[in-house]
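Structure record follows, encoded as structure tokens.
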2 protein chains.
Amino acid sequence: MINDYPGVSGRRTIEPPPPEELSPRLNTTPHAPKDADQAERPTRRERARAATIEEIKQTALQLMREHGTTDLRFSDIAREMGMTAPALYRYFSDRDELLTELIVDAYDDLGTTVADAREKLPRDDLSGRFLAVSQAYREWAKREPQQFALIFGLPVPGYVAPEEGPTTEAARRAMWQLKSLFSEAAASGQLRRPLIQDVDDAVAACVMFDEDAGDPSLRPLPEDTFQACMHSWATLHGFVSLETYGHFDFVPPEARDALFTSAVRLAATAAGFPWPTDGALS
Amino acid sequence: MINDYPGVSGRRTIEPPPPEELSPRLNTTPHAPKDADQAERPTRRERARAATIEEIKQTALQLMREHGTTDLRFSDIAREMGMTAPALYRYFSDRDELLTELIVDAYDDLGTTVADAREKLPRDDLSGRFLAVSQAYREWAKREPQQFALIFGLPVPGYVAPEEGPTTEAARRAMWQLKSLFSEAAASGQLRRPLIQDVDDAVAACVMFDEDAGDPSLRPLPEDTFQACMHSWATLHGFVSLETYGHFDFVPPEARDALFTSAVRLAATAAGFPWPTDGALS
DNA sequence: AAGAATAGTTATGCTCCGTAACGCTCGTGA
DNA sequence: TCACGAGCGTTACGGAGCATAACTATTCTT
């Protein structure tokens, strides 16, 4: 009779939890079936957990889309999922952790979207790939303005990014897509010298640091090409950013499309990419 | 005994306010000294009120700077000012109204900062002015990243922009600075044809709409120049935006400076601005 | 000096974040 | 097969912020 129900001790409630360390909470994969065989298939429970996490993230995104902000309320997410808010803390220790994961996901999504677009075209179609990458970037931003804002806006109000955390790395992974476009182009030999060839020593030194090592197609870019790559990124991002945030609203949509194409063409041309003179691309 | 608890009738406190219309609250300038003489000097009270409003805004900005977000709490502002939070509602009907004013102020600040920089150089120094405007834009963003985010980020979480409200207009005013740079250049006759001269009909039509009428130096730009102006804005904004939000952190500061200058030079050159060949500007 | 408009206060309600305590339900292992 | 414990969910609660209501103090006008 001393103990007649699960949990702790007989009803006499609150006995401050003994030194047992606080919570083995998050990100633990406790209780793996046996112990050996690291690469074991995930437990049934683990799969359920992963599915729930995914559902939470999708619900969060859906709510952000609906409300048009990067704000999100645990209570809303929970209600949408038919749960109560505190339950979410089983999966994310707080709002920031969820946000961080969403940001990482956004980078990945952008990265793969752009990569897919790039790889749909033959490797030697430099201008085609340039345009495809740019358009994929733009379309993604138009399709998912909130995710775009997550990545490229100031941190959400209360949010503080984990120092040197996963977001930084995710960012580089996404950027890599653009850089590899230039790497391939440079390697192909079809690339002319860019319009601006003067490169400051500091910028040149910067190229050296930039070792994503390993990948063969990714040896250091020529200095002026690296610079041109950054220019292109700025132009591309600037256009997309202004458009996404509504600062081009005074320009009618078709004109925006044309303007975008011409901006991309300018960036590519200035970077030394060949551009077909017939109207094939614009 | 039928009713003996507060809120309804017992205690008979609350007597729902008689039809007196709700609140003559904000933005009223009630009780002007006499009535005639519209252009009267502001009342002592009016001045005090204006000063308080200004102090609130400055405090808000300061807090945003300190916390590094665009978030702001009425309670913090009030505490900082040695007041209680509800007092602020005498001056702003809610958080959004304060935010809106801050956004408008930010546009104005950016606009005048850029304008000042532009006018420091002689009218015929086209490339100098181009660089000065660009640098002013960049420096402002670096100096006031939160205000930059207010203008160019997605609306702050809970915030919904007033439809077609004051912010839209303020945005145009700031943009005007860049456009007039191109107008003057076009008028001066020193401007070469831009690098990209193909202009889609939709874009061309767009130029026509763009009548800031009145100002003589602002007659419609040549179509391709208008297009180049938009390109320049995109490049400038893209660079500044990426840098401000930390996406260039992997580039050391001096390299960033050089990269910026070269990007501006690219934009200017592509737009047809003359650029000195000696190292004067870069 | 009286009286109204203004500027502040405290008190209160609501919503949301996050934690604490508790219970239900499975899957595992004796 | 059955007990136990991990994991997942719940209700209850405390704290912070927005916003309003009701009240008080001050200040300007007449």
Side-chain angles (χ1 to χ4, degrees), chain A residues 3-17 20 22-35 43-53 55-56 71-79 81-99 157-159, chain B residues 6-7 11-17 20 22-26 28-35 43-49 51-53 55-56 71-79 81-99 157-159:
Chain A
N3 255 320
D4 63 345
Y5 84 97
V8 187
S9 53
R11 200 34 140 354
R12 71 169 37 197
T13 40
I14 299 172
E15 178 180 1
E20 59 173 359
L22 300 193
S23 47
R25 272 282 178 72
L26 280 321
N27 300 334
T28 56
T29 308
H31 211 265
K34 292 298 183 344
D35 60 339
T43 306
R44 176 181 175 72
R45 274 222 167 115
E46 286 169 340
R47 274 179 291 137
R49 182 180 177 81
T52 306
I53 288 181
E55 189 187 347
I56 293 174
D71 199 13
L72 45 80
R73 276 177 270 279
F74 265 33
S75 23
D76 289 352
I77 299 173
R79 186 172 334 113
M81 293 176 64
M83 299 180 19
T84 58
L88 297 181
Y89 288 84
R90 293 276 177 210
Y91 302 92
F92 298 94
S93 67
D94 58 9
R95 227 169 91 267
D96 284 6
E97 188 168 302
L98 173 54
L99 269 175
Y159 177 76
Chain B
R11 196 30 134 22
R12 70 184 30 208
T13 28
I14 300 176
E15 179 179 1
E20 60 173 0
L22 299 192
S23 46
R25 271 282 177 70
L26 281 319
T28 57
T29 307
H31 213 267
K34 293 294 182 351
D35 60 339
T43 304
R44 175 180 174 73
R45 269 209 171 132
E46 285 169 341
R47 274 180 290 137
R49 182 179 179 82
T52 306
I53 288 181
E55 189 187 346
I56 293 174
D71 200 12
L72 44 82
R73 276 176 271 277
F74 264 31
S75 24
D76 289 352
I77 299 173
R79 185 173 335 111
M81 293 178 63
M83 299 180 16
T84 56
L88 296 181
Y89 288 84
R90 293 275 177 211
Y91 302 93
F92 298 93
S93 68
D94 58 8
R95 227 170 89 267
D96 284 6
E97 189 169 300
L98 173 55
L99 269 175
Y159 177 78

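As the structure is a computational prediction, the values presented were derived from the model and not from experiment. The sequence lines fix the lettering, A, B, ..., with proteins before strands; numbering per chain opens at 1.
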May I have the distance from [X] (atom [atom1]) to [N] (atom [atom2]), rounded to whole angstrom?
X	N	atom1	atom2	answer
B/Leu88	D/dG17	CG	C1'	13 Å
B/Ile56	C/dG8	CD1	C1'	12 Å
A/Asp71	C/dT15	CG	C1'	12 Å
B/Arg45	D/dA25	CZ	P	16 Å
B/Arg73	C/dC17	CZ	C1'	12 Å
B/Phe74	D/dT20	CZ	P	10 Å
A/Asp94	C/dA20	CG	P	14 Å
B/Tyr91	D/dT20	OH	P	17 Å

In chain order, what residues pass the side chain to side chain contact (heavy atoms under 4.5 Å, CB included) check against [X], with sequence neighbours excluded?
X	value
A/Arg45	A/Thr43
A/Arg44	A/Arg47
A/Asp94	A/Asp96, A/Glu97
A/Ala50	none

State whether [X] places a side-chain N or O below 4.0 Å from either non-bridging phosphate oxygen (OP1 or OP2) of [N].
X	N	answer
B/Ser75	D/dC18	yes
A/Arg95	C/dG18	no
B/Arg49	C/dA7	yes
A/Tyr89	C/dA20	no

Taking every heavy atom of A/Arg95 against every heavy atom of A/Asp71, the minimum-distance pair comes out as NH2-OD1, 4.3 Å
Hey, does B/Ile77 reach any base, or is it just sugar-phosphate, or nothing, if we go heavy atoms under 4.0 Å? nothing
With the sugar-phosphate defined as primed atoms, P, OP1 and OP2, and the base as all remaining atoms, what B/S/- string results for nucleotides 9-14 of chain C, 5' to 3', for protein heavy atoms under 4.0 Å? BBB---
Sub-4.5 Å side-chain heavy-atom contact between A/Ile77 and A/Leu98: yes
Quick check on the 6.0 Å ring-centre criterion: do A/Tyr89 and A/Phe74 meet it? yes
